Visitor: 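Below are the structure tokens for one structure; questions will follow.
The structure displayed is predicted, hence computed values, not measured ones. Computed over heavy atoms, backbone and side chain alike; hydrogens, waters and symmetry mates excluded. By convention in this document, chain letters (A, B, ...) are assigned in the order of the sequence lines, proteins followed by strands, and residues within each chain are numbered from 1.
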Amino acid sequence: MKTAVKKVLIIGATSAIASACARLWATQGSDFFLVARNVEKLQQTAADLKARGATHVTLHEMDANDIEAHPLMMGRCLTALGQIDIALIAHGTLPDQKACERDVHMALKEFANNCTSVIALLTVLAMQFETQRCGSLAIISSVAADRGRPSNYLYGSAKAAVSTYCEGLQARLFKVGVHVTTIKPGFVDTPMTQGLSLPAALLAQPAQVAQRIVKGIANKVPTLYAPGFWALIMLVIRSIPQPVFKRLNL
Amino acid sequence: MSTPLYSWGRFPRRPQRGHGCVWLDELPAQIDRVIGAHHSSLPYGNGRSYGDSCLAASDQVLHMRSLDRLIEADWSTGVIKAEAGITLAEVLAVAIPQGWFLPVTPGTQFATLGGAIANDVHGKNHHVRGTFGRHVLGFGLLRHGEPEVICSPEDHPALFAASIGGLGLTGVIHWAQIQLMPIRATQIDTTTVRFANLAEFFALSAELDARHEYSVAWVDCLAKGAETGRGVFIVGDHAQYGSLEVGQRKKLSVPLTPPVSLINKVSLSAFNSLYWRLHPSQRKQGRSAHEPFFYPLDRILHWNRIYGRRGFQQYQCVVPAANAEAAMGELLRTIADAGQGSFLAVLKRCGDIASPGLLSFPLEGTSLALDFAQSEALENVLFPRLDDIVRAAGGRLYPAKDAHMSGVDFRRAYPAWEQLEALRDPSLMSRFWSRVIL
Ligand SMILES: Cc1cc2nc3c(=O)[nH]c(=O)nc-3n(C[C@H](O)[C@H](O)[C@H](O)COP(=O)(O)OP(=O)(O)OC[C@H]3O[C@@H](n4cnc5c(N)ncnc54)[C@H](O)[C@@H]3O)c2cc1C
Ligand SMILES: NC(=O)c1ccc[n+]([C@@H]2O[C@H](COP(=O)([O-])OP(=O)(O)OC[C@H]3O[C@@H](n4cnc5c(N)ncnc54)[C@H](OP(=O)(O)O)[C@@H]3O)[C@@H](O)[C@H]2O)c1
């Protein structure tokens with residue numbers, strides 16, 4: 001796969017899953033525009049990518065919730081990269097479901113972080129991609145989007161809104177030759193899941209998930225479960241009838 | 001990180017709670033937090049040490065594995081700087097395409113950079129390149145409650161020397177800079193020949209080692225009488241013509257731990273005999289990819305599980321050259337008589353290149369390493385006999401593999417232990433160190 005240098009934009013670039021993807025793109029010799037809210041982490045991520053073969057790395061500090069800052073970020077990104085071959089939206093937080101059930105402000109803040117900010121970013125990105133008429137747009141949603149589970153339905157509903165939004169966007173951008181991939185990871189061993197007791201057999205490593213994501217984006221897969229076996233698990237879970245599902249403690 | 005961590009031998013069975021850290025700049029705070037809560041801890045790399053040297057006395061370890069970033073790489077000079085939790089496999093994956101290789105590599109690529117330094121590991125080229133520590137240009141050391149100390153042969157030389165082979169006790173190595181070795185191809189040109197006894201091994205080693213980068217021998221530890229010490233001798237060199245291939249053979253895995261060891265006398269002697277017979281009696285040249293040459297066992301993930309729930313121990317000793325042949329013969333006879341021992345024992349000559357580390361294991365002579373399923377008889381009968389032979393021959397055991405050596409033997413064999421103890425970070429303590437020192 002030795003093509004010309006790829007121009008990659010990553011929002012939430014300090015995410016473990018996103019940096020694992022970036023490492024793979026770096027070895028293909030890509031230029032990066034990395035966006036995150038923590039500059040120290042961003043610098044450590046950038047150094048790693050440069051050592052692995054990234055040609056240029058530009059850093060940009062931004063909180064995804066700062067919607068007014070999105071256009072400025074896009075402008076800087078285009079100055080740095082010229083065009084966007086791959087955009088990956090990866091930022092997210094796993095809310096404390098129980099706390100959100102009692103605190104509406106916290107619930108809406110988490111919803112904004114995982115959904116509203118993504119829709120806002122997709123709005124500016126989609127306009128750029130429409131102008132470009134080329135490139136791939138990838139968004140990290142989650143298997144949690146597929147069903148509302150009592151243990152994390154706030155997170156799940158935010159990701160579900162993102163998934164549905166992406167499906168519409170897919171149809172819109174397809175017509176101008178731009179591809180949209182909705183990524184649905186299962187349990188991945190990252191800082192987000194630290195401290196949760198997840199079944200070891202289902203817990204994937206970021207590097208493993210990244211392999212699949214990078215390949216899926218290259219192959220223009222519309223919806224990508226990662227690791228792949230989650231497609232099967234979610235097929236089963238989606239088919240559980242509601243009267244049964246609500247009695248399960250998932 | 002809620003799953004418990006163990007050492008590779010799963011003996012002693014002391015589950016460790018791992019406290020991870022993902023960002024280098026957050027490590028000092030994490031160290032403070034863990035030591036604040038548990039008073040004592042120990043850095044833990046990837047748990048490829050067999051015994052108890054990577055287990056914390058408090059069973060609360062600083063799990064370094066997630067710190068796996070490169071910090072700087074200069075591919076014109078082969079100098080790389082990386083976080084300590086990066087594995088040797090991950091270093092190779094970026095270095096090989098640029099024409100560089102690890103100057104020294106142990107028999108597993110799943111060891112971390114920090115772990116490789118803290119045990120000052122050696123490889124099949126010890127006779128030409130010495131230990132891993134010789135190729136370390138510098139590292140950052142975090143000692144509890146102190147600012148970072150940057151150690152190199154010039155700066156803080158005492159801490160530099162004490163931390164190489166320092167068993168994680170002098171502080172947490174959070175990054176290191178190493179010099180890689182240039183290669184033209186990853187393939188290894190090999191010469192293989194079997195030998196009928198120990199005398200032949202020593203003759204081969206004397207003849208071939210000086211002419212080849214890599215040298216190692218596998219020994220049938222169950223062969224008795226005239227066949228004692230029969231085995232297969234393998235030397236190799238990086239090919240001058242070939243390609244640069246990052247290895248990624250499909251890995252097999254032992255999915256679960258059987259209740260009892262699958263290694264027994266019948267399976268062992270059948271395998272060992274067959275292995276010996278399959279090898280040529282005349283010198284045979286060949287070519288191997290680097291992974292099967294350096295890391296044959298890495299092919300099978302979790303292979304340590306085949307020894308069952310009780311785990312296993314490795315016995316690795318090195319005996320000075322003058323006594324090596326006699327002592328190796330005695331050791332192998334004792335092991336064969338006991339009818340225990342692993343598939344294949346590894347016999348290897350260590351060279352005379354001095355290590356920069358205070359407590360490095362290798363010394364000029366011959367090293368023998370083999371695995372045993374854990375049992376009481378091991379500790380009460382066989383190991384004491386082997387220890388007697390090693391002691392009388394002026395040899396010593398490798399802390400990275402050890403779960404049994406006595407404090408007396410350790411302190412005699414590693415007289416520099418007092419210097420290390422003086423430089424130990426008082427907040428760090430391993431089960432190994434508390435066993436042999438206190
Ligand atoms: C199949 C196999 C083959 C092997 N072959 C060889 C061989 O040929 N030669 C050889 O020398 N060894 C060999 N070993 C042993 C192995 O290379 C060493 O035990 C190595 O140190 C393991 O590294 P680790 O990262 O897993 O460290 P661990 O086992 O987790 O820890 C080892 C020591 O390093 C310390 N440590 C870990 N990280 C840090 C850090 N960041 N800062 C400070 N201290 C730290 C720990 O406290 C501990 O004392 C082999 C092991 C296996 C499983
Ligand atoms: N891990 C899983 O099991 C799993 C499963 C399904 C889906 N996902 C999704 O995968 C994506 C990546 O997560 P991860 O697992 O890689 O976890 P991670 O390493 O914790 O990454 C999450 C990243 O999002 C960043 N972030 C959060 N809110 C932000 C904001 N408002 N502005 C800018 N950056 C923000 C965080 O930055 P800071 O470090 O500065 O906080 C962090 O770098 C997320 O969308 C997550 O929902 C993960």
Visitor: Take atom CZ in A:Arg76; do more than 12 heavy atoms of anything else shown fall under 6.0 Å from it?
Guide: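 Open: at most 12 neighbouring heavy atoms sit under 6.0 Å from CZ of A:Arg76.
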Visitor: So which residue, A:Gln43, A:Arg52, A:Lys41, ends up with the most heavy-atom pairs under 4.5 Å with chain B?
Guide: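 Sorted descending by pairs with chain B, the first entry is A:Lys41.
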Visitor: Quick one: what part of B:Leu67 sits under 4.5 Å from any heavy atom of chain A, side chain, backbone, both or neither?
Guide: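 Contact with chain A: none, neither part.
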Visitor: Atom CD in A:Gln194, atom OG in B:Ser66: separation rounded to 0.5 Å?
Guide: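 Output value for this atom pair is 6.5 Å.
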Visitor: Quick check: do B:Trp23 and A:Thr14 have side-chain heavy atoms less than 4.5 Å from each other?
Guide: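 With C-beta onward as the side chain, the pair touches.
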Visitor: For the atom pair CD (A:Gln44) and CD (B:Glu83), what is the distance rounded to the nearest 0.5 Å?
Guide: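 Reported value, rounded in 0.5 Å steps: 6.0 Å.
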Visitor: Would you name the heavy atoms of A:Asp48 and B:Leu70 that are closest together and state the gap between them?
Guide: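 Closest approach of A:Asp48 to B:Leu70: OD1-N, 2.6 Å.
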Visitor: In plain terms, say whether B:Asp68 and A:Arg23 are close enough for a salt bridge, that is, a side-chain N and a carboxylate O under 4.0 Å apart.
Guide: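 A salt bridge links B:Asp68 with A:Arg23.
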Visitor: Assess whether atom CZ of B:Arg309 is packed by more than 12 heavy atoms of other residues, nucleotides or ligands within 6.0 Å.
Guide: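 Open.
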Visitor: Hey, what do you get for CG (A:Leu198) to OG1 (B:Thr3), rounding to the nearest 0.5 Å?
Guide: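 Between A:Leu198 CG and B:Thr3 OG1, I get 10.5 Å after rounding to 0.5 Å.
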Visitor: Taking A:Ala51's backbone N and O only, do any of them form a donor-acceptor pair with B:Trp75's side chain (distance below 3.5 Å, no angle check)?
Guide: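 Yes: the side chain of B:Trp75 pairs with the backbone of A:Ala51.
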Visitor: Take B:Glu26 and A:Glu40 through the side chain to side chain contact (heavy atoms under 4.5 Å, CB included) test and state the conclusion after the steps.
Guide: CA-CA 10 Å; B:Glu26 293 175 353; A:Glu40 249 112 59; over 6 Å; no
